[in-house]
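Here's the structure we're looking at; comments come further down.
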Amino acid sequence: MSADQHLPALAGLPADEHERYAHYLRLLADVPEAAESALVAAVLRDADPAIGRAAVEFHVDRRAAELLRTPALAGWAATMSELLGPDSFGHRRIREWLLRAAVVRGGEWSADELTAASVWLQLALVESGECPEVLPLLAENGRSRRIRNIAAARLRRRPPRS
C-alpha cells in the first residue's frame, strides 16, 4: 500500500482526542515501510500537536525496538529525526535508541554518553542485561539509586571470571 493509500484513513478523524490518538496508533502499527514517512508527517500535522506528537513518539519506541539489532535502524532514525525536528522529545529518544543499539551491538559508545543518558535508557540497559559491560559503569554512575542498585545486584550475580 502506498503512502497515498494510507492518508485517506486520516480523513474524517474522530473529534475526540483519545479516539484520534488510538486511531493514529493503529495506522502507525500497520504502516508499510514505504508509507511510514508520509503517515508520520501527516499525523504530526494533527490539529492538536500534542496528540500527533504523542502518537508518533509511541510509534518511535515501538519501531526502534523492532529495528534495534538491524542495520536499518540508522537510516530509519535519520528519517524520523528529520520529521520530528532537532528540539523534540522524539528526536532525543531516537538518539538514545541509537546509543542503545551501539551498546548492545558492540558499536562505538563512551562512558560519558552513557552516564549522560536518560534514566529510561540506563534502566532499559540494566534491566535487560543486554550488555553486561555497562553494569560496572552504571552501578557507580547511574542516574538514579534504582539504576545503581539493579546494576550492582546484577554484578554480584555474575559468575567470577576465570
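Note that CD of Glu108 is 12.0 Å distant from CG of Leu99, once rounded to the nearest 0.5 Å. How far CG of Leu121 is from CZ of Arg95: 11.5 Å, rounded to the nearest 0.5 Å. The structure places CZ of Arg53 at 8.0 Å from CG of Asp48, a figure rounded to the nearest 0.5 Å. The CD1 atom of Ile150 lies 7.5 Å from the OG atom of Ser144; values are rounded to the nearest 0.5 Å. One finds the CG atom of Leu73 at 11.0 Å from the CZ atom of Arg100 (value rounded to the nearest 0.5 Å). Within the model, atoms CG of Leu98 and OG of Ser81 stand 7.0 Å from one another, a figure rounded to the nearest 0.5 Å.
Around the CD atom of Glu82, the shell of radius 6.0 Å holds no more than 12 heavy atoms that belong to other residues, nucleotides or ligands. By the 6.0 Å contact criterion, CD on Glu140 is open, its count of non-hydrogen atoms from other residues, nucleotides or ligands being 12 or less. By the 6.0 Å contact criterion, CZ on Arg62 is enclosed, its count of non-hydrogen atoms from other residues, nucleotides or ligands being greater than 12.
Between Arg93 and Glu96, none of the side-chain N atoms (NZ, or NE/NH1/NH2) sits under 4.0 Å from a carboxylate O, so this pair counts as no salt bridge. For Glu127 and Arg154, the salt-bridge test fails: no basic side-chain N is under 4.0 Å from an acidic carboxylate O.
Between the side chain of Gln122 and the main chain of Arg143, a donor-acceptor pair closer than 3.5 Å is present. A donor-acceptor pair under 3.5 Å is formed between the side chain of Arg20 and the backbone N or O of Ala15. Under the 3.5 Å distance criterion, the side-chain polar atoms of Arg105 are matched with a main-chain donor or acceptor of Thr70.
Minimum interatomic distance between Ala55 and Val43 (heavy atoms only, all atoms of both residues): CB-CG1, 4.1 Å. Residues Ala152 and Ala139 approach most closely at N-CB, 3.7 Å, considering heavy atoms. Between Ala102 and Trp109, the shortest heavy-atom distance links the atoms O-CD1, 3.9 Å. Taking each heavy atom of Pro132 and Gly129 in turn, the nearest pair found is CD-O, 4.0 Å.
Among residues two or more places apart in sequence or in another chain, the side-chain contact (heavy atoms from CB on, under 4.5 Å) test is passed with Glu19 by Pro14, Asp16.
Using a 4.5 Å cut-off between side-chain heavy atoms of Ile, Leu, Val, Met, Phe, Trp and Tyr, with links allowed through other members, Ile94 and Phe89 fall into different hydrophobic clusters. Side-chain heavy atoms closer than 4.5 Å link hydrophobic residues (I, L, V, M, F, W, Y) into clusters, and following such links, possibly through other members, connects Val104 to Val119.
Residues Trp76 and Glu36 form a side-chain contact, since some pair of their non-hydrogen atoms from C-beta on lies under 4.5 Å apart. Contact annotation: the side chain of Tyr24 approaches that of Leu13 to within less than 4.5 Å [non-hydrogen atoms, C-beta and beyond]. The shortest side-chain heavy-atom distance between Met80 and Trp97 does not fall under the 4.5 Å cut-off. Looking at Leu125 and Leu114, their side chains come closer than 4.5 Å, going by heavy atoms from C-beta outward. Under the 4.5 Å side-chain criterion, counting only non-hydrogen atoms from C-beta, Leu84 is in contact with Leu44. At a threshold of 4.5 Å between non-hydrogen side-chain atoms, the residues Val40 and Ser37 do not count as touching.
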Arg146 vs Leu123, side chain to side chain contact (heavy atoms under 4.5 Å, CB included): CA-CA, chis, key distance, verdict: CA-CA 8 Å; Arg146 180 176 178 202; Leu123 195 55; 3.6 Å; yes
Show your reasoning for whether salt bridge (Lys or Arg N to Asp or Glu O under 4.0 Å) applies to Glu130 and Arg69. CA-CA 11 Å; Glu130 292 170 303; Arg69 289 182 169 73; 3.3 Å; yes
For Glu66 and Arg63, what are the C-alpha separation, side-chain angles and deciding distance, and is it a salt bridge (Lys or Arg N to Asp or Glu O under 4.0 Å)? CA-CA 5 Å; Glu66 292 170 5; Arg63 190 81 170 104; 3.2 Å; yes
